[in-house]
Amino acid sequence: MSAVPMIGSGSSRRHQLQLKAIRALKAIWVEADQTFPPPYRNPADLLQHGVRHLVAAGFPLHRIALALVPIETGQGGIQYWWDVENPEVVRSFFRGSEFFAGMDHRTSVLHAVCEKKAPERLLLENLKLDDIPYALARDMRRERYTDYIAVPLGSDGSHELILTMATQRPGGFLLWELAALKRLVGTMVPTVLACVGHEGRQWGWRDPLTALSNRGSFEQQLSQQIALSRVTGDPFSLVILDLDDFGAYNDTFGHFCADDSLQAIARLLTRRLGADNPLLARVGADAFAILLPSVTGAETERLAAELVVEIQGLRIAHPPALDPFMSASVGIETHWPLLEPEDAQASELLARAEIALNRARQTKRSCQLMPQ
């Protein structure tokens, strides 16, 4: 007989609770609709159910993350992180291909798992710092993590999925806990892969951090608006909004706070301009673009001024900047079809709006300017 307690043996109330959590999660993943309506909008929403159940059941999880690592150079990926002490909190942020390409302390464990297609486990408390091959693992050892495991979930053809978990409990994960998690992973893989496939199809047109349209999608919409304006003769305006001193904010507070602030700005713009608006996009690291059909002159300037005030009204503290709170500058370009050449391009309009934006930034913070 094995000395390792079996799940469901009735040996303890905790084991029964954990067995109940496993069964509940299997039901969630097996029965999830493949179109993933809310709450299953993306892998994080789906796996968040798992985090809540596992933590509530007493699994010794102190760190959990999901990484979507691009297979080919030039692709980007997404990482999701959970605050295990507060499973309702999930952070998701886009990572460019260069983040995953380097074999540095952030990516070497992920690359090892991708190459071997097998779990990577490190019993950190039994290793000397000098013997740990990955800088990330050394950092985790210093932070008193005792056990770390990275599990490959498979691939959707363009990205490898890797689930990572760690604990600070002395002795690390028990064998029966690892066995339970392994069975659970086997159950959830098909659904999560399908979810990632759905998510991956959206990356072609939307920004994964803010869920707004991305620059490529926006330029396509702008080109269509130029063609329509040429037929109707109606002018339209293009607004580029850029956060002031955002690089300093990022350097001071880190990526998590920077991502949160960008999401807060995106929510504000969405409330003002409408959800699922393809004419609202994130077109740069901290730049947003707004297309306003049939809107020109004073009306455009009024909207831009209101957005600048409302962004400051979010009261996102920004000590490195000239203003106490995060602020924005705006550039405006109005397209008059009768005055433009017939072969006018979306990239040209964006460039002119960005010139106006640069003038606004050079003039002062929190202002908007029309191009000269």
Side-chain angles (χ1 to χ4, degrees), residues 74 76 94 96-98 203-210 212-250 262 265-266 269-270 272-273 277-308 311 326-372:
F94 177 75
S97 59
E98 68 279 357
W203 293 347
W205 64 267
R206 73 178 174 90
D207 169 56
L209 175 65
T210 63
L212 300 179
S213 297
N214 61 22
R215 187 179 184 105
S217 174
F218 186 80
E219 288 191 8
Q220 183 179 26
Q221 295 288 337
L222 182 55
S223 296
Q224 293 175 1
Q225 184 63 42
I226 291 173
L228 178 62
S229 180
R230 189 178 301 129
V231 173
T232 63
D234 295 331
F236 63 87
S237 293
L238 172 64
V239 175
I240 301 290
L241 182 148
D242 188 83
L243 302 178
D244 296 327
D245 296 310
F246 192 75
Y249 181 89
N250 193 18
L262 290 170
I265 302 298
L269 295 175
T270 299
R272 284 297 308 267
L273 302 169
N277 187 344
L279 306 183
L280 166 63
R282 181 185 177 204
V283 294
D286 56 310
F288 299 86
I290 304 166
L291 186 58
L292 301 172
S294 303
V295 178
T296 60
E299 188 175 357
T300 306
E301 295 180 41
R302 176 183 57 77
L303 174 62
E306 290 175 354
L307 292 176
V308 166
I311 287 173
M326 186 170 290
S327 59
S329 297
V330 177
I332 300 173
E333 166 67 12
T334 297
H335 179 76
W336 301 92
L338 298 180
L339 302 179
E340 295 282 349
E342 291 189 1
D343 59 350
Q345 301 294 313
S347 57
E348 297 172 356
L349 269 67
L350 279 167
R352 293 207 296 265
E354 288 169 349
I355 290 173
L357 171 65
N358 289 333
R359 288 181 50 237
R361 281 194 296 231
Q362 293 168 5
T363 302
K364 64 174 183 176
R365 300 306 188 204
S366 298
C367 70
Q368 64 281 341
L369 288 176
M370 305 287 284
Q372 289 180 326

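Just so you know, these numbers use all the heavy atoms, side chains as well, and skip hydrogens, waters and symmetry mates.
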Shortest non-hydrogen contact from [X] to [Y]?
{"X": "Leu291", "Y": "Gln221", "result": "CD2-O, 4.2 Å"}
{"X": "Phe218", "Y": "Leu350", "result": "CE2-CD2, 4.1 Å"}
{"X": "Gln345", "Y": "Ile226", "result": "C-CD1, 3.8 Å"}
{"X": "Ser327", "Y": "Asp244", "result": "OG-OD2, 2.7 Å"}

inquiry  = Treating Arg352 as the side-chain partner and Glu354 as the backbone partner, does any N or O pair qualify as donor plus acceptor under 3.5 Å?
reply    = no
Side-chain donor or acceptor of Ser229 paired with backbone N/O of Gln225 under 3.5 Å = no
request  = Quick one: which residue pairs count as a ring-ring contact (aromatic ring centres under 6.0 Å, His included) with a foot in residues 280-308, not counting sequence neighbours?
outcome  = none
Return all side-chain donor-acceptor pairs below 3.5 angstrom for residues 233-241, not counting sequence neighbours, or 'none' if the list is empty.
unit_1, atom_1, unit_2, atom_2, d
Ser237, OG, Val295, O, 2.5
Ser237, OG, Thr300, OG1, 3.1
Ser237, OG, Thr334, OG1, 3.2

Any heavy-atom pair between the side chains of [Y] and [X] that's under 4.5 Å?
{"X": "Val330", "Y": "Leu307", "result": "no"}
{"X": "Thr210", "Y": "Ile265", "result": "no"}
{"X": "Leu269", "Y": "Arg272", "result": "no"}

All pairs passing salt bridge (Lys or Arg N to Asp or Glu O under 4.0 Å) where residues 218-233 contributes a residue, at least two apart = Arg215-Glu219
